[in-house]
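Everything on this sheet refers to the single structure shown next.
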Amino acid sequence: MGYGMSRLEDEYYEPEGKNTDGSVSVQVNDEFAKLRNDIFHMTRMRSGLSESYKSMGTNRGIISTAKLLSRREIDCSGKGTFSSGDRAFVLGRYVPMNGPELLDRMDSRAYVSQFSADGTLFVAGFQGSHIRIYDADRGWSIHKDIHARCLRWTISDVSLSPDQRYLAYSSLAPIIHIVNVGNAARESYANVTDIHDGLDFSQHEDVQYSFGIFSVKFSSDGRELVAGSNDESIYVYDLHANKLTLRLPAHTSDVNTVAFADETGHLIYSGSDDTLCKVWDRRCLSTGQAAGVLTGHLHGVTHIDSRGDGRSFISNGKDQAIKLWDVRKMTSNADSSADGAPTWDYRYSRYPQQHKQLKHPHDQSLATYRGHSVLRTLIRCYFSPAYSTGQKYIYTGSYDSCVHIYDVVSGSQVAKLKWHQMAIRDCSWHPFEPTLVSSSWDGRVAKWTSARDQEASDVD
């Protein structure tokens, strides 16, 4: 189940950073020091200095940004510019936690938000049948004001096409709508001022009843949509052929999240209320079986974000944890599922404090990140951008009305952005700049920036 039927004015409070013994900690645990995996090594490499700059460190190993920029200008590396790792090392210092600046306020809950791939547009979807696209390069003016059609409960997800001409939006109904956002009209009323094409995902011979869609994504070439639904299935729709091409009975409960593993589109990740993450290879689906299963969550999976390398991803879970996965550790079955996990419904009560230290007996994840709260709605998590941080951070919304940012390698919580008054279901980090935008159930859309934005802009 994806959504709790709670009042808009409900608030949540939980003491910060309290362990079961009452101590305070911002660290996940000490086991991060023991982790050995090439994903951690690659993260260090992609967000660390090249050898030509490492020699600049002081006795404490601290190198100022000004000194790095100065050495770049005199071309100490012999390349005339920063490497991608040097750039990520410098820009990764500028975590967006200053502010925030209020960008917009609506009279209904914000459920989804995302930057476009080039960072010029920002999309926010609200419960009140409303989607707004903002022009981030033009003072955050409204680029498109979309009034959705045939909505059931809320906008559950949105996805921009790679060319940024079309937006797909879903709700708890079997129809995904496509709207042209590249035209000049600012207002888009469904089938009044604009055509919102409806793609019916229930037109499959195996579909027995109506269902809702929790997650939708464009493929990297813009030709297909992949969707996860509460009829335990994954769907693929071919936009060029204008037909549903695949329905996979993928899980034994709601499929809350789907994601393409990389730009090839061959691999799909899925996460479900059955606690499992699965990997699907579209080149060998004749048996209808997943390529592999990853176990570790004790309760349902709410969101998945791929690292983009076809090998690793993170998932958020109702067990109040983000997990980092390497698909090379997956198994062919789920015999070790979390059947013995304590019964608990995230829609109606806080997660029992004594359960936070429980661990799956067959946990296949590489690392676990704790500190945020996943209650009442499908809270989303992401890797920070590759360009500006080398994906060295993980960030997530939270029911405690904060954005939490973790260090991938150390597991420590490096920032907690606190300003909203209600749950933050979604948030998005600009792909190139130290800017993060959060959207909340309080109806507010807010922008967080680095305290030293101008200095960071000199790095490019």
| query | Hey, mind stepping through Lys392 and Thr43 against side chain to side chain donor-acceptor pair (under 3.5 Å) and telling me if it holds? | reply | CA-CA 6 Å; Lys392 68 182 292 184; Thr43 300; over 6 Å; no
| Going through the distances and angles, do Ile146 and His196 end up as a side chain to side chain contact (heavy atoms under 4.5 Å, CB included)? | CA-CA 10 Å; Ile146 301 169; His196 291 203; 3.5 Å; yes
| request: Show your working on side chain to side chain donor-acceptor pair (under 3.5 Å) between His251 and Ser270 and close with a plain yes or no. | output: CA-CA 9 Å; His251 289 267; Ser270 64; 2.8 Å; yes
| field | Worked verdict on Thr295 versus Gln364 for side chain to side chain donor-acceptor pair (under 3.5 Å) | value | CA-CA 6 Å; Thr295 59; Gln364 297 167 293; 3.0 Å; yes
| query | His299 and Trp344: ring-ring contact (aromatic ring centres under 6.0 Å, His included), yes or no, with the steps? | reply | CA-CA 9 Å; His299 296 281; Trp344 170 76; 5.5 Å; yes
| said: Please evaluate residues Tyr351 and Tyr399 with respect to the criterion ring-ring contact (aromatic ring centres under 6.0 Å, His included), reporting the C-alpha separation (whole Å), side-chain torsions for both, the decisive distance (0.1 Å), and the verdict. | reply: CA-CA 11 Å; Tyr351 197 65; Tyr399 194 77; over 10 Å; no
| message | Before you tell me yes or no, could you show the steps for Ser113 and Ser428 under side chain to side chain donor-acceptor pair (under 3.5 Å), namely the whole-Å CA-CA distance, both residues' side-chain angles and the distance that decides it to 0.1 Å? | response | CA-CA 7 Å; Ser113 58; Ser428 187; over 6 Å; no
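Annotation: side chain of Trp140 is not in contact with side chain of Val445 (no heavy-atom distance under 4.5 Å). Counting only heavy atoms from C-beta outward, the side chains of Met42 and Asp309 never approach each other to under 4.5 Å. At least one side-chain heavy atom of Val414 sits under 4.5 Å from a side-chain heavy atom of Tyr393. Inter-residue side-chain proximity for Asp197 and Tyr166 is flagged as unmet; no heavy-atom pair is nearer than 4.5 Å. Using a 4.5 Å heavy-atom threshold, the side chains of Trp325 and Ser365 count as touching. Using a 4.5 Å cut-off on side-chain heavy atoms (C-beta onward), Arg380 and Val112 make contact. Taking 4.5 Å as the limit, every side-chain heavy atom of Gln164 sits out of range of all side-chain heavy atoms of Val181.
Side-chain atoms of His130 and Ser108 form no donor-acceptor pair, as typed in the model, at a separation below 3.5 Å. Donor-acceptor pairing under 3.5 Å is lacking for the side chains of Asp194 and Asn180. In summary, the side chains of Ser272 and Ser253 do not present any donor paired with an acceptor at a separation below 3.5 Å, with no hydrogens or angles considered.
Taking the centre of each ring, His143 and Phe122 stay at or above the 6.0 Å mark. For Trp429 and Tyr382, the distance between ring centers is not under 6.0 angstrom.
Side chain of Asp305 to backbone of Phe383: a donor-acceptor contact under 3.5 angstrom is found. No side-chain donor-acceptor contact under 3.5 Å links Arg328 to the backbone of Arg311. Judged by distance alone, the side chain of Ser306 and the main-chain N or O of Ala261 form a donor-acceptor pair under 3.5 Å. Of the possible donor and acceptor atoms, none in the side chain of Thr435 sits under 3.5 Å from a partner among the backbone N and O of His430.
Partners of Asp319 by salt bridge (Lys or Arg N to Asp or Glu O under 4.0 Å), not counting sequence neighbours: none found. Applying the salt bridge (Lys or Arg N to Asp or Glu O under 4.0 Å) rule to Asp118 yields no partners; only residues at least two apart in sequence or on another chain are considered.
The environment of CD in Glu187 is crowded: more than 12 heavy-atom neighbours from other residues, nucleotides or ligands sit within 6.0 Å.
A distance of 9.5 Å separates CD1 of Ile379 from CD of Gln320, quoted to the nearest 0.5 Å. Note that CG of Leu172 is 11.5 Å distant from CZ of Phe211, once rounded to the nearest 0.5 Å. Rounding to the nearest 0.5 Å places NZ of Lys356 at 13.5 Å from CG of Leu298. Remark: Arg282 CZ to Leu267 CG distance equals 10.5 Å, nearest 0.5 Å. One finds the OH atom of Tyr369 at 10.5 Å from the SG atom of Cys381 (value rounded to the nearest 0.5 Å). With rounding to the nearest 0.5 angstrom, the CG atom of Asp274 is 9.0 Å from the SG atom of Cys277.
His147 pairs in a ring pair (Phe, Tyr, Trp, His ring centres under 6.0 Å) with only one of the listed residues (Phe126, Tyr189, Tyr169), which is Tyr189. Tested against Leu378, the residues Asp157, Asp254, Asn256 include a single side chain to side chain contact (heavy atoms under 4.5 Å, CB included) partner, Asn256.
Trp441 does not carry Arg376 over the face of its six-membered ring by the limits of under 6.0 Å from the centre and within 45° of the normal.
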